[in-house]
Amino acid sequence: MWRQPVRWVIRRAEGIRGLSPPNTARSHGSSCVGSGKPWVRPGGFDTGLKTFNSLSKQREPLIVAREGVATWYSCGPTVYDHAHLGHASSYVRFDILQRVLSRLFGITVIHAMVITDIDDKIIRRSLEEKVSPAAIAALYEEEFKRDMLALKVIPPAVYLRVTENVHHIVAFIERIITNGHAYVTNEGDVYFDIQSIGSRYGRFVGAVGSQGEPGSSNKRDPRDFALWKPSKPQEPSWESPWGRGRPGWHIECSTIASCVFGSQLDIHSGGIDLAFPHHENEIAQSEAYHQCGQWANYFLHSGNTTRTLQRNYITIKDFLQSYSANEFRMFCLLSKYRSAIDYSDSSMLEARAALGTISTFFHDAQAYMKGQLQCSHVQEDFLWNRLAETKSSVMDALADDFDTPRATTALLNLVRHGNCQLQPVSTADGAARRPAVFGAMVAYLRDILDVCGIDLHTQEADVLSSSGSLEAVVDQLTHFRNKVRAFALAHQDASATGSPTKPGLHPERIRLLKACDALRDDLAPLGVVIKDRGASSTWEINASRRGPRPQHEGSETSS
């Protein structure tokens with residue numbers, strides 16, 4: 001039995017950590033809007049966060065059964081086609097939430113996900129392609145996992161396939177029938193009996209008044225949904241007490257989540273399009289099986305992905321040809337996870353610009369710390385205060401329903417304050433240098449971005465490593481260019497220019513300055529950004545700038 005080792009590992013980990021058994025006492029909580037049983041606030045450990053709970057339709061304190069541990073189940077893909085941006089949006093957003101919960105609030109997330117590898121869509125695709133459903137499912141499952149890896153989504157603790165757990169599903173259905181909440185038709189279908197749970201059905205918007213799913217005319221109520229259905233000729237099938245057949249859609253998640261986590265689940269996540277009927281039916285099945293009043297304590301739903309461009313279907317693989325995983329994560333951070341997210345090239349360029357602003361600050365701050373960038377007086381105390389305020393604002397925002405747009409705004413404001421202090425001057429004015437505060441700012445920004453799965457340092461390292469010793473080559477090239485510029489920028493004395501008051505550049509050296517400008521501009525599309533700082537220059541690798549030649553960044557030949 002595979003479920004026993006998984007649950008044994010959980011118990012074993014809790015024993016090592018010295019965790020006490022869960023507090024099963026429950027207190028009265030918020031009522032659901034409309035039909036359905038009121039949500040009851042669970043007893044247990046308060047994480048310090050509040051999150052919008054779809055069961056109560058409002059923000060609630062996030063309380064987990066065991067201190068320091070959150071059980072989390074999510075609906076995985078139905079593997080019949082390429083994963084698209086809608087999948088990417090949901091999985092990346094919940095990955096960010098799990099990272100925040102774990103890294104910033106100290107909650108170990110135990111995440112399980114089901115892979116739906118048998119379904120009507122998979123069967124239809126197999127008939128079209130003239131291959132087995134198992135081959136279709138295996139192909140797209142592996143592609144999905146590669147896509148998630150490319151998007152830097154942390155894999156769940158365990159992936160579980162429906163086809164490997166049909167025997168558990170059959171046993172789960174048998175218990176529901178025994179408990180009086182399902183019935184068998186003459187055709188061999190098994191349906192959940194909605195009327196058997198009365199007003200407890202309908203916790204999510206859209207449930208009330210639903211006409212239900214299509215099925216046998218022998219259903220007792222149009223809302224009743226299939227737990228088991230007989231297979232048609234040439235379809236995959238399994239033995240059951242009701243004849244050969246296969247599971248309905250919803251029963252797989254209830255069964256597998258229960259096998260891993262038992263009768264109590266902290267968090268269940270998925271796209272808002274799954275709230276009804278899928279999640280509604282999961283709740284009905286699970287509570288009928290466990291004979292409990294509240295199976296999952298929190299349902300978190302991500303908003304849909306809309307597109308302003310006239311493209312109905314964008315695969316993750318195709319998307320990553322144009323944009324990076326870092327840029328997509330910033331795109332997700334700029335909107336609330338519960339909000340509909342509007343994908344377009346302009347919104348992606350906004351995310352790219354935000355990352356570029358942060359990356360530029362990193363390089364400028366490091367240039368200042370190395371003594372390569374001369375600035376006027378730095379208001380050190382002001383920056384230390386802004387850093388402390390930013391840390392507090394970011395934690396407050398993320399504790400308030402994972403408000404990533406507010407947290408990101410606070411980070412960008414910190415960068416703006418830093419940039420205001422990093423204004424280059426041609427000559428030193430004797431002001432004392434203040435590198436420590438910039439080191440602290442860079443370290444904090446890197447840490448928070450890393451929590452969210454964004455690693456700008458790794459992105460730069462990937463570019464550098466792709467060309468071997470590129471970093472040393474660019475360093476030498478920039479050093480040589482600095483010498484040429486310094487020579488070309490040397491001024492003649494006034495008598496040589498014919499002016500009694502104003503010295504000027506040597507005319508014959510202007511061509512050298514033009515050549516320096518051209519070299520700088522030619523390297524920019526290759527991702528090497530040289531910045532002239534008065535008499536000296538700094539450089540950085542910026543992968544997002546690789547592409548068409550940029551507009552001229554300014555020339556000194558006219559000075």
Side-chain angles (χ1 to χ4, degrees), residues 352-353 356-378 415 418-431 433 435 438 460 463-464 466-559:
R352 175 177 287 177
T357 298
I358 297 171
S359 181
T360 297
F361 170 71
F362 284 177
H363 287 288
D364 289 354
Q366 289 169 341
Y368 176 80
M369 287 186 282
K370 292 176 181 178
Q372 297 171 340
L373 175 59
Q374 299 179 41
C375 296
S376 56
H377 178 69
V378 170
V415 169
N419 282 333
C420 288
Q421 302 289 318
L422 289 174
Q423 296 303 312
V425 295
S426 297
T427 58
D429 59 3
R433 288 172 37 75
F438 288 104
E460 295 168 6
V463 175
L464 291 170
S466 67
S467 300
S469 57
L470 173 62
E471 184 173 8
V473 171
V474 176
D475 215 21
Q476 290 297 321
L477 178 63
T478 306
H479 183 64
F480 175 76
R481 182 178 175 276
N482 282 344
K483 288 184 176 181
V484 174
R485 285 184 68 250
F487 175 75
L489 287 171
H491 286 75
Q492 301 182 79
D493 59 31
S495 61
T497 63
S499 169
T501 59
K502 184 179 179 182
L505 296 177
H506 293 274
E508 70 275 11
R509 300 182 187 178
I510 291 177
R511 291 177 62 187
L512 292 176
L513 285 178
K514 289 182 177 180
C516 289
D517 289 343
L519 176 61
R520 177 195 63 199
D521 296 342
D522 288 342
L523 289 176
L526 304 177
V528 178
V529 180
I530 296 178
K531 295 184 177 181
D532 294 325
R533 318 274 194 185
S536 64
S537 302
T538 61
W539 66 272
E540 63 189 69
I541 292 292
N542 191 338
S544 66
R545 293 190 60 167
R546 287 184 292 179
R549 182 188 180 101
Q551 293 183 348
H552 202 286
E553 296 189 15
S555 170
E556 294 162 297
T557 57
S558 60
S559 59

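- Within the structure, the salt bridge (Lys or Arg N to Asp or Glu O under 4.0 Å) test picks out no pair touching residues 368-377 (sequence neighbours left out).
- Listed by chain and residue number, Ala367, Gln372, Lys531, Arg533 satisfy the side chain to side chain contact (heavy atoms under 4.5 Å, CB included) test with Thr538 (two or more places apart in sequence, or in another chain).
- Shown here are the side chain to side chain contact (heavy atoms under 4.5 Å, CB included) partners of Leu519, two or more places apart in sequence or in another chain: Leu477, Arg481, Leu523.
- Rounded to the nearest 0.5 angstrom, Asp517 CG and Leu512 CG are separated by 11.0 Å.
- In this structure, Gln366 has no side chain to side chain donor-acceptor pair (under 3.5 Å) partners at least two apart in sequence or on a different chain.
- When side chains are defined from C-beta on, Asp364 does not count as touching Phe438, because their heavy atoms never get closer than 4.5 Å.
- Annotation for Gly418 and Phe361: closest pair CA-CE1, 3.7 Å, computed over non-hydrogen atoms.
- Side chain of Arg433 to main chain of Met369: a donor-acceptor pair is present (N/O by atom type, distance under 3.5 Å, no hydrogens or angles).
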